[in-house]
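Predicted model only: the values in this text are computed from it and were never measured. No hydrogens, no waters, no symmetry mates; every other heavy atom, side chains included, goes into these values. Position 1 is the first residue of the sequence, and the numbers go up from there.
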Amino acid sequence: MGQIEWAMWANEQALASGLILIMGGIVATAGQFTQWYFGAYSIGAGVFVCLLEYPRGKRKKGSTMERCGQKYMTKVLKCFGPLSRNYYFRAFLHLGLSVPAGFLLATILGTACLAIASGIYLLAAIRGEQWAPIESKPKERPQVGGTIKQPPSNPPPRPPVEARKKPSKEEEEAAAAGVPGGPQENPIPVTDEVV
């Protein structure tokens, strides 16, 4: 079995927790809770986390499915250089962002999810993972003339290779001499009856 890439799980967890923080913050702010300003903070923190976590990182092995519109946010994250690539930084950033939102009941679920994402990012950083952008490769167009080596000798449909009849020695000699196989006999008698 392959080694688990923890950063991929942390990315999904952090993106979900950002959305949960936004929803909890909207509930707290719209409901005018006694400490509603923590709800307003949660909306801002949730939006920041979602923007930071929206671009997926490239996996070490295999292919990575890019999110819709990810390439625009990837350009922004690449501008931050090592801060955006380092998972230690992300782990402590998410942990710090989650603390103030923990003082309000409406945002405590987002706080817990973001703290879990922080722990997963810390595990990914300890294992030596780091964020790398998904770079799209230019698509190669196959040349039509270059792909066909030799035209087929048998017209379709072709039987599988194992089922193809190999000509006998006599048939090969007759074909080399230019003599057709000769007349064939029909096993069923054919009569021409007009009714």
Side-chain angles (χ1 to χ4, degrees), residues 1-140:
M1 259 179 79
Q3 193 175 12
I4 294 175
E5 292 187 37
W6 291 101
M8 179 180 65
W9 295 102
N11 176 263
E12 297 294 331
Q13 177 74 24
L15 185 62
S17 20
L19 294 172
I20 294 169
L21 271 176
I22 291 170
M23 287 188 285
I26 290 171
V27 167
T29 307
Q32 290 295 309
F33 284 28
T34 54
Q35 296 176 329
W36 65 269
Y37 43 87
F38 284 123
Y41 165 80
S42 294
I43 293 171
V47 168
F48 176 73
V49 167
C50 286
L51 290 175
L52 178 67
E53 295 298 331
Y54 189 72
R56 280 189 179 130
K58 185 177 182 182
R59 296 177 62 192
K60 289 181 183 177
K61 292 182 180 177
S63 61
T64 309
M65 185 85 169
E66 192 177 67
R67 287 190 176 110
C68 181
Q70 170 179 333
K71 57 185 173 186
Y72 305 111
M73 280 305 298
T74 301
K75 290 177 185 174
V76 174
L77 280 183
K78 283 167 69 175
C79 294
F80 290 111
L83 289 180
S84 63
R85 288 193 306 265
N86 190 344
Y87 285 146
Y88 283 111
F89 177 75
R90 282 197 192 190
F92 292 115
L93 175 71
H94 289 333
L95 189 61
L97 286 173
S98 69
V99 171
F103 294 111
L104 193 59
L105 185 60
T107 57
I108 198 145
L109 180 61
T111 299
C113 291
L114 199 56
I116 291 169
S118 172
I120 299 171
Y121 265 132
L122 187 61
L123 179 62
I126 290 170
R127 295 196 177 235
E129 297 177 32
Q130 69 175 1
W131 185 81
I134 300 172
E135 311 239 329
S136 58
K137 298 176 184 173
K139 294 180 180 177
E140 296 178 14

Got a sec, which residues hit side-chain contact (heavy atoms from CB on, under 4.5 Å) with A106, two or more places apart in sequence or on another chain?
V27, A28, F33
Quick one: side-chain hydrogen bond (donor to acceptor under 3.5 Å, both in side chains) partners of Q35, sequence neighbours excluded?
none
So I4 and W9, do their side chains get closer than 4.5 Å, heavy atoms only?
yes
Can you tell me if W6 has over 12 outside heavy atoms packed within less than 6.0 Å of its CH2?
no
Closer than 4.0 angstrom, basic N to acidic O: yes or no for E12 and R56?
yes
Please round to the nearest 0.5 Å and tell me the distance separating atom NE2 of H94 and atom CD1 of I120.
10.5 Å
To check you understand the geometry: which heavy-atom pair defines the closest contact between F38 and P100, and what is its length?
CD2-O, 3.2 Å
Quick check for you: to the nearest 0.5 Å, what is the distance between L21 atom CG and I26 atom CD1?
11.0 Å
Nearest heavy-atom pair of L104 and G39: which atoms, and what distance?
CD2-N, 3.6 Å
Got more than 12 heavy atoms from elsewhere within 6.0 Å of CG, L105?
no
I want to check something: taking the side chain as every heavy atom from C-beta on, are L122 and F92 in contact at a cut-off of under 4.5 Å?
yes
Which atom of S17 lies closest to which atom of A117, heavy atoms considered
OG-CB, 4.4 Å
Roughly how far, to the nearest 0.5 Å, is the CD atom of Q13 from the CE atom of M8?
13.0 Å
Looking only at heavy atoms, the pair that brings P55 and W131 closest together is O-NE1, 3.6 Å
Distance, nearest 0.5 Å, that separates CG of L93 from OH of Y121:
10.5 Å
First locate atom CG of L83, then atom CG of L52, and finally report the distance between them rounded to the nearest 0.5 Å.
10.5 Å
Using modelled atom types and a 3.5 Å cut-off, is there a donor and acceptor pairing between side-chain atoms of Y41 and backbone atoms of L97?
yes
Is the shortest heavy-atom distance from the side chain of S42 to the side chain of Y37 under 4.5 Å?
no
What's the spacing between I108 CD1 and I20 CD1 if we round to 0.5 Å?
13.0 Å
Across all chains, not counting sequence neighbours, the side-chain contact (heavy atoms from CB on, under 4.5 Å) partners of S98 are L95, T111, L114, A115
Quick one: does E129's side chain have a donor or acceptor within less than 3.5 Å of a partner on A7's backbone?
yes
